[in-house]
Amino acid sequence: QVQVVESGGGLVQEGGSLKLSCTASGSSFDESPMAWYRQSAGKEREFVSCTSWVGLDAYSASTADSVGGRFTTSRFKNRLFLQMNSLKPEDTAIYYCAADKDRLGDRCRDVDYGYWGQGTQVTVSS
């Protein structure tokens, strides 16, 4: 069956960096949209970034304004990565990876993701 697994979370000081990884397996996701979301305590789940397949091994990325310039999303086939730099305490959250078979062209932000990982905790101390 389909599995989405995140890794790379942890505790880091303000201004530090972390890199999250995600692997979707159990089906072919090479041409599928994949995304990062996060949820802080007491808040709703928030979009972070996503990638859309645009041909061959190329992907486009879309990033939330709140993390743009600090977070970089990359992709290789069924693997998704999130490089987080200049981390702030407000970035503390559980980060979730998501994938879906519905491509919607390059509109990965509009996808209703059906496959989700269990999440990885990111804690930024001040």
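Index from 1, following the sequence. All of these numbers come straight from a predicted model, not from anything done at the bench.
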Is Asn78 reaching over with its side chain to a backbone N or O of Phe29, donor-acceptor style, under 3.5 angstrom?
-> no

Please answer whether the main-chain N or O of Asp30 pairs with a side-chain N or O of Tyr59 as donor and acceptor at a distance below 3.5 Å.
-> yes

Trace of the side chain to side chain contact (heavy atoms under 4.5 Å, CB included) decision for Ser52 with Arg103 = CA-CA 7 Å; Ser52 299; Arg103 290 197 284 184; over 6 Å; no

Whether Arg45 side chain and Phe47 backbone form a donor-acceptor pair below 3.5 Å | no

Excluding sequence neighbours, so at least two apart, what forms side chain to side chain donor-acceptor pair (under 3.5 Å) with Thr120?
-> none

Look at the side chain of Thr92 and the backbone N and O of Val124, then say whether any donor-acceptor pair between them is shorter than 3.5 Å.
-> yes

Are the side chain of Glu6 and the backbone N or O of Gln118 linked by a donor-acceptor pair below 3.5 Å?
-> yes

Where the side chain of Glu31 meets the backbone of Trp53, is there a donor-acceptor pair that is under 3.5 Å apart?
-> no

May I ask whether Ile94 and Val48 are part of the same hydrophobic cluster, defined by side-chain heavy atoms of I, L, V, M, F, W, Y residues being less than 4.5 angstrom apart, directly or through others?
-> no

Common cluster, Val67/Tyr37, ILVMFWY with side-chain heavy-atom separation under 4.5 Å | no

Quick one: do Trp36 and Thr51 satisfy side chain to side chain contact (heavy atoms under 4.5 Å, CB included)? Show the steps, please.
-> CA-CA 9 Å; Trp36 290 106; Thr51 57; over 6 Å; no

Check: residues 10-28 side-chain donor-acceptor pairs under 3.5 Å, at least two apart:
| from | atom 1 | to | atom 2 | distance (Å) |
| --- | --- | --- | --- | --- |
| Ser17 | OG | Asn85 | OD1 | 2.9 |
| Thr23 | OG1 | Arg79 | NE | 3.3 |
| Ser27 | OG | Lys101 | NZ | 2.7 |

Can you tell me how far the SG atom of Cys50 sits from the CG atom of Asp110, to the nearest 0.5 Å?
-> 8.5 Å

What's the spacing between Ser49 OG and Arg75 CZ if we round to 0.5 Å?
-> 11.0 Å

Report the distance from atom OG of Ser66 to atom NZ of Lys88, rounding to the nearest 0.5 Å.
-> 9.0 Å

For the student: nearest non-hydrogen atoms of Arg109 and Ser62, plus distance = NE-OG, 2.6 Å

Kindly write out the residues that satisfy side chain to side chain donor-acceptor pair (under 3.5 Å) with Thr63, not counting sequence neighbours, or none if the list is empty.
-> none

All heavy atoms of Gly119 vs all of Tyr96, minimum pair found to be CA-CD2, 3.6 Å

Gap separating the CD atom of Glu90 from the OG atom of Ser40, nearest 0.5 angstrom | 9.5 Å

Any idea how Phe71 and Tyr95 line up, ring-wise: parallel (<30°), tilted (30 to 60°), or perpendicular (>60°)?
-> tilted

Hey, mind stepping through Thr73 and Leu80 against side chain to side chain contact (heavy atoms under 4.5 Å, CB included) and telling me if it holds?
-> CA-CA 7 Å; Thr73 302; Leu80 183 68; 3.7 Å; yes

Can you name the one residue among Cys97, Ser32, Cys108 that meets side chain to side chain contact (heavy atoms under 4.5 Å, CB included) with Tyr113?
-> Cys108

Derivation and outcome, side chain to side chain contact (heavy atoms under 4.5 Å, CB included), residues Arg38 and Val122 | CA-CA 9 Å; Arg38 67 184 182 185; Val122 171; over 6 Å; no

